[in-house]
Amino acid sequence: MTDRHAGAFDPRFLRADGQRTATANERFVMSLLARRGAASRAELARATALAPHSVSRLIEPLIDRGLVEEGTPEIAGRGKPGAPLRLAADAAFSVGVSVMTDAVTLVVMDLGGTVRGHTGAPLKLADFDAGARQIAALIADTIGRTGLDPARLLGIGCGVTGYFIGDGARLNPPTSLDPWALLPLDELLADRLGGPVWIDNDGNVAAMGEAMLGVGRTCANFAYLYFAAGFGGGVFARGVPLRGARGNAGEFASIIPEGWPQPNLENLRAHLAERGIVHDGLRAMLRDLDLAAPAVEEWLDLCAPSLNLVVSAISGSLDPEMIVFGGRLPPQLADRMIAKMRFTNPARRGHRRPLPRMVHSTVGVDATAIGAAMMPLRAAFFQ
């Protein structure tokens, strides 16, 4: 399944034959440069198992199109110095938008994967058009502050909380996002925001951010647990997203039986309120949360059985190398949660099934916006 998107690529990024913005081999090389930061032709030849002249045939058109730049040769051991190749950061950029139940955040990301601008605000929820106008204004303002050429905007990725209903880019979000429910978001946002738009749910998008810029850079097979107002996630298998038939792979909340505690942050806020610790909304709680409060430890203990079931199901069904605890979950809280995890893994003949390691996200609380920004870049240039 492909990401839902609308619009067309800027012709400046097309190849001479007018086809996709990068061939499969070009994408492979650009993905290597994205992960490494810089590499010489010789290093790329070793990494790709291609002959040096083949690498040059791939690199030269990318340099000519302004997507890759070559630095001053650097001496590294014997032989002819190698010139470092890097993605040309200013050649193109994208915008990533995260639409949450209580807020909208967005980032502007250049071709090199650097966040050049960031902003966020409480989301206007009077109706869809009010929220879309707000997002359009935030995008224009943030791009203006970066100094990037607006004509080089490749597209806009948008991660929205909710699951696909099997009809295009229509999502079914929590009730607080009623104005966004069941709408053809790709078409509507492309019209309101004035450019190509990619739509996905927040868990899949955050997993993509982790894959491209976080701990997933060193791991091709991982599951991502997304903690926010709800609970979900995403899966990467052999370096690509595992989407499922309708784009809903990673809806891990559905593993938890009815009546068991759902480990989402709105439930943490409700638990704290029952103990007399009141926060006016999720953003306020995450800003002011006292991680040392006994009520936080109580909530972790309450959620442990639910999460143990989830991680055991993920381990047994997907066999990932790693399970990442992320979303809007503070890393310190994630580490305490991980310490309580217990897999169902009985021994047989003295051996147990190998288990995934569990880590907190290194992308941070804006993983969805960052992952959303990667969608247009990945569609155009990366694997």
Side-chain angles (χ1 to χ4, degrees), residues 161 163 201-211 214-244 247-268 271 286 291 296-348 351-365 367-368 371:
T161 185
Y163 57 82
N201 70 46
D202 50 6
N204 283 335
V205 168
M208 185 176 296
E210 198 69 43
V215 294
R217 296 173 85 166
T218 60
C219 178
N221 300 280
F222 71 91
Y224 184 97
L225 304 185
Y226 184 82
F227 297 85
F231 173 61
V235 179
F236 262 68
R238 297 183 179 180
V240 297
L242 179 64
R243 301 294 306 282
N248 290 324
E251 285 291 317
F252 298 128
S254 298
I255 294 173
I256 301 170
E258 189 174 353
W260 288 35
Q262 283 284 343
N264 63 61
L265 297 180
E266 275 295 350
N267 282 347
L268 171 58
H271 180 80
L286 292 171
L291 293 175
V296 173
E297 190 70 15
E298 291 174 4
W299 179 77
L300 290 172
D301 288 334
L302 284 171
C303 292
S306 298
L307 282 169
N308 285 336
L309 180 59
V310 169
V311 298
S312 295
I314 289 171
S315 175
S317 59
L318 298 174
D319 189 28
E321 300 170 52
M322 183 169 60
I323 299 176
V324 183
F325 288 61
R328 300 174 76 180
L329 190 68
Q332 294 166 303
L333 190 57
D335 289 340
R336 287 167 59 184
M337 188 179 282
I338 289 168
K340 295 179 180 292
M341 294 298 94
R342 301 292 182 268
F343 288 95
T344 301
N345 189 24
R348 182 185 299 162
H351 294 277
R352 297 182 188 273
R353 178 169 43 83
L355 295 174
R357 58 193 175 97
M358 296 179 287
V359 299
H360 68 249
S361 169
T362 58
V363 172
V365 295
T368 299

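Just so you know, residue 1 is the first one in the sequence shown, and it goes up from there.
- Listed here is the closest heavy atom pair of Phe222 and Pro320: CA-CB, 3.9 Å.
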Test side chain to side chain contact (heavy atoms under 4.5 Å, CB included) applied to Leu268 and Phe227, step by step:
CA-CA 11 Å; Leu268 171 58; Phe227 297 85; over 6 Å; no
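- Judged as a ring pair (Phe, Tyr, Trp, His ring centres under 6.0 Å), and not counting sequence neighbours, Phe252 has no contacts.
- Remark: side-chain polar atoms of Thr368 are not paired, donor with acceptor, to backbone N or O of Val205 under 3.5 angstrom.
- Of all heavy-atom pairs between Ile314 and Ala223, the closest is CG2-CB, 3.7 Å.
- Nearest heavy atoms, Val359 versus Val215: CG2-CG2, 4.1 Å.
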Under 3.5 Å, side-chain donor or acceptor atoms of residues 336-347 against the rest of the protein: list the pairs with distances, not counting sequence neighbours.
from, atom 1, to, atom 2, distance (Å)
Arg336, NH1, Leu291, O, 2.5
Arg336, NH2, Leu291, O, 3.4
Arg336, NH2, Glu297, OE1, 2.7
Lys340, NZ, Glu297, OE2, 2.8
Lys340, NZ, Asp301, OD1, 2.7
Arg342, NH1, Ala339, O, 3.0
Asn345, OD1, Arg353, N, 3.2
Asn345, ND2, Arg353, O, 3.0

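- Formation of a donor-acceptor pair under 3.5 Å by the Gln262 side chain with backbone atoms of Ala253 is found in this model.
- Judged by distance alone, the side chain of Asn204 and the main-chain N or O of Gly247 form a donor-acceptor pair under 3.5 Å.
- There is no side-chain donor-acceptor pair under 3.5 Å between Thr161 and Tyr226.
- Legend: residues meeting salt bridge (charged side-chain N to carboxylate O under 4.0 Å, His left out) with Glu266, ordered by chain and number and at least two apart, are Arg269.
- Between Ile256 and the choices Ser306, Pro261, Cys303, the side chain to side chain contact (heavy atoms under 4.5 Å, CB included) rule is met once, by Ser306.
- Residues Leu307 and Phe231 meet the side-chain proximity criterion, which asks for heavy atoms closer than 4.5 Å.
- Evaluation of the side-chain contact (heavy atoms from CB on, under 4.5 Å) rule for Pro257 yields Trp260, Leu309 as partners, not counting sequence neighbours.
- For Ala334, the side-chain contact (heavy atoms from CB on, under 4.5 Å) test picks out Phe325, Leu329, His360, with sequence neighbours left out.
- The minimum heavy-atom distance between Met208 and Gly371, with the atom names listed, is SD-O, 3.9 Å.
- Scanning both residues, Pro356 and Ile323, for their nearest heavy atoms gives CG-CD1, 3.8 Å.
- In terms of the side-chain contact (heavy atoms from CB on, under 4.5 Å) criterion, residue partners of His271 (sequence neighbours excluded) are, by chain and number, Glu274, Arg275, Ala295, Glu298, Trp299, Leu302.
- Heavy-atom minimum distance, Leu355 versus Ser315: CD2-OG, 3.6 Å.
- For residues 216-225, the set of pairs meeting the side-chain hydrogen bond (donor to acceptor under 3.5 Å, both in side chains) definition, not counting sequence neighbours, comprises Asn221-Glu321.
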